[in-house]
Participant: 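Structure incoming, see below.
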2 protein chains.
Amino acid sequence: MSQSCISDLVVSRLPLYLRAMDLMIDKGKKSISSHELGKQLGFSSSQIRKDLSQFGEFGKQGTGYDVGYLSEQLRRILNVNHIWDVALVGFGNLGQAVASYSGFIHRGFRIVALYENDPEKVGSKIGDLVIQDISEMVEDIRHRKIKIAMLAVPTSEAQNTAKTLIQAGVRAILSYAPITIAVPNYVRIEYIDPVSRLQQMTYYLE
Amino acid sequence: MSQSCISDLVVSRLPLYLRAMDLMIDKGKKSISSHELGKQLGFSSSQIRKDLSQFGEFGKQGTGYDVGYLSEQLRRILNVNHIWDVALVGFGNLGQAVASYSGFIHRGFRIVALYENDPEKVGSKIGDLVIQDISEMVEDIRHRKIKIAMLAVPTSEAQNTAKTLIQAGVRAILSYAPITIAVPNYVRIEYIDPVSRLQQMTYYLE
DNA sequence: TAGATTGTTAATCGATTAACAATC
DNA sequence: TAGATTGTTAATCGATTAACAATC
């Protein structure tokens, strides 16, 4: 059974299911029905059962889903049952904030490299990490076999930096630049653009 | 013609069209066809024409869309032809980064208030803004008629803070907390969760 | 056992695309 | 005028939901 038959829409919901499971674990809840989970996430129970059934049979009739087991299975499906090394490019305000965010590690990601243009910043230590010059980036990423990068460079440099990252072997990019970046189809790219989300909401205001 | 017949999927693409127009303006490009715009954004030309046609006739046969005019129209449609006042709640690492982000103002948003729990931080000035105690939040937001808030508080406080914001009159929330927040249906909410986006990509890796 | 809830099927609903007459 | 591109229609494609037999 090929993975390619699963819609990206379904995949995009799996992290939300996982998030919810981990919240349940914190609360000490042992099992949950699709109905209850749906209510919590704002999805229909049908949709949750349908989504999960694409990957296996994780529930029990009468009782629902075992929270610990489903969490484990979702981690396996999403490939976050191990920690991924991530590179962060750009250490301006945004890059600094991303670097200091503590929410990555327990959800499967660890920033292991920082690259920056500004010679003033290169060489500084942030926790255990030294900010490296961007000229070392390709060799370093290739050598360390880093596959995921977060992009926090200025918009004008985003496309070129992405290209360089891909040449170095990166296969997934999370970009904070408010611009669409062209990548080959063997590379995944996702965007974080808070302003677009705000504009989406103002459409409905007033 | 009621707005309610327009899908949120369509609305979510409008900010991307606007972003692209503004990039064109910077580049000095005067007009663009749906085909060229689609290529740039990774959408089909049909989809772009269909989306835009829901709001009016903005193009010209033979030449495509006038960049300046379409930009203006999209701003009008999205209600960002004026600047919205925005409140930011939570001034930890994340809140500080959001506050220092310079990309809001020229896309329609201005942070006009900062609220924080920590008495150590309350009273400090950030640019022109004073960090206010969260206890002043409801009265202040109500008085200033602020309708949009960004939520950068710890996960455990997100739901309650959102509730308070809504009581104060906020009608759109951009939440950075990795949790689904329940809101009444007259309130819009969007989420920024970089880790979910990363997990969505690792599904396809290896 | 009786009640609850799953996984799955078929029906519905909605979104995308292909095609083309209209026209700049 | 001839070429290009729109706005729109109809066809296709895909996603969501309702319903229910199976079963814990």
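Just so it is clear: chains get the letters A, B, ... in the order the sequence lines come, proteins before strands, and each one is counted from 1. Predicted model, so just to flag it, every value in this text is computed and none were measured.
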Participant: Measure from the side chain of B:Lys60, starting at C-beta and using heavy atoms only, and say which of C:dC24, D:dC24, C:dT5 lies closest.
Facilitator: C:dC24
Participant: Toss me the dot-bracket line for DNA chain D: Watson-Crick and G-U wobble, both under 3.5 Å, 5' to 3', using | for pairs to another strand and [ ] for crossers.
Facilitator: ..||||||||||||||||||||||
Participant: Please report the distance, rounded to the nearest Å, between CG in B:Leu52 and P in D:dT8.
Facilitator: 11 Å
Participant: Can a donor-acceptor pair under 3.5 Å be found between the side-chain atoms of A:Ser7 and the base atoms of D:dA15?
Facilitator: no
Participant: Atom CD of A:Glu36 to atom C1' of C:dA4: distance rounded to whole Å?
Facilitator: 13 Å
Participant: Might you point out which heavy atoms bring A:Glu116 and A:Phe91 nearest each other, and give the distance in Å?
Facilitator: OE1-N, 2.6 Å
Participant: Counting just side-chain N and O atoms, does B:Ser44 come under 4.0 Å of either OP1 or OP2 of C:dT17?
Facilitator: yes
Participant: From CG of A:Asp8 over to P of D:dA15, roughly how many Å is that when rounded to an integer?
Facilitator: 10 Å
Participant: If the threshold is 4.0 Å, N to carboxylate O, is there a salt bridge linking A:Asp66 and A:Lys30?
Facilitator: no
Participant: How long is the line joining CD of A:Gln54 and C1' of C:dT9, in whole Å?
Facilitator: 14 Å
Participant: What's the CG-P distance between A:Leu9 and D:dG14, to the nearest Å?
Facilitator: 12 Å
Participant: Quick one: is A:Tyr65 getting a side-chain N or O under 4.0 Å of the C:dG7 phosphate, OP1 or OP2?
Facilitator: yes
Participant: Rounded to the nearest 0.5 Å, what's the gap from CG on A:Asn79 to CD on B:Gln199? Could you check?
Facilitator: 10.5 Å
Participant: Which part of the nucleic acid does A:Ser34 contact within heavy-atom distance under 4.0 Å: base, sugar-phosphate only, or nothing?
Facilitator: sugar-phosphate
Participant: Taking atom P of C:dG14 as reference, at what distance in whole Å does atom CZ of B:Arg13 sit?
Facilitator: 16 Å
Participant: Base, sugar-phosphate or nothing for B:Ser46? Non-hydrogen atoms, less than 4.0 Å.
Facilitator: base
Participant: Please state whether the rings of A:Phe104 and A:Tyr101 are parallel, tilted or perpendicular, taking 30° and 60° as the class boundaries.
Facilitator: perpendicular
Participant: Which whole-number value in Å describes the distance from A:Gln47 CD to C:dT9 C1'?
Facilitator: 17 Å
Participant: DNA chain D: B:Thr63 or A:Arg49, which has the more 5' nearest nucleotide?
Facilitator: B:Thr63
Participant: Heavy-atom count check: over 12 atoms from other residues, nucleotides or ligands less than 6.0 Å from B:Lys60 NZ?
Facilitator: no
Participant: Starting at NZ of B:Lys50 and ending at P of C:dG14, how long is that distance when rounded to a whole Å?
Facilitator: 13 Å
Participant: Could A:Asp22 and A:Arg107 be called an ion pair, given the rule that one side-chain N must be under 4.0 Å from one carboxylate O?
Facilitator: no
Participant: Looking for any heavy atom pair under 4.0 Å, which part of the strands does B:Phe43 touch: base, sugar-phosphate only, or nothing?
Facilitator: nothing
Participant: Before you tell me yes or no, could you show the steps for A:Tyr203 and B:Asp8 under side chain to side chain donor-acceptor pair (under 3.5 Å), namely the whole-Å CA-CA distance, both residues' side-chain angles and the distance that decides it to 0.1 Å?
Facilitator: CA-CA 10 Å; A:Tyr203 172 82; B:Asp8 193 53; over 6 Å; no
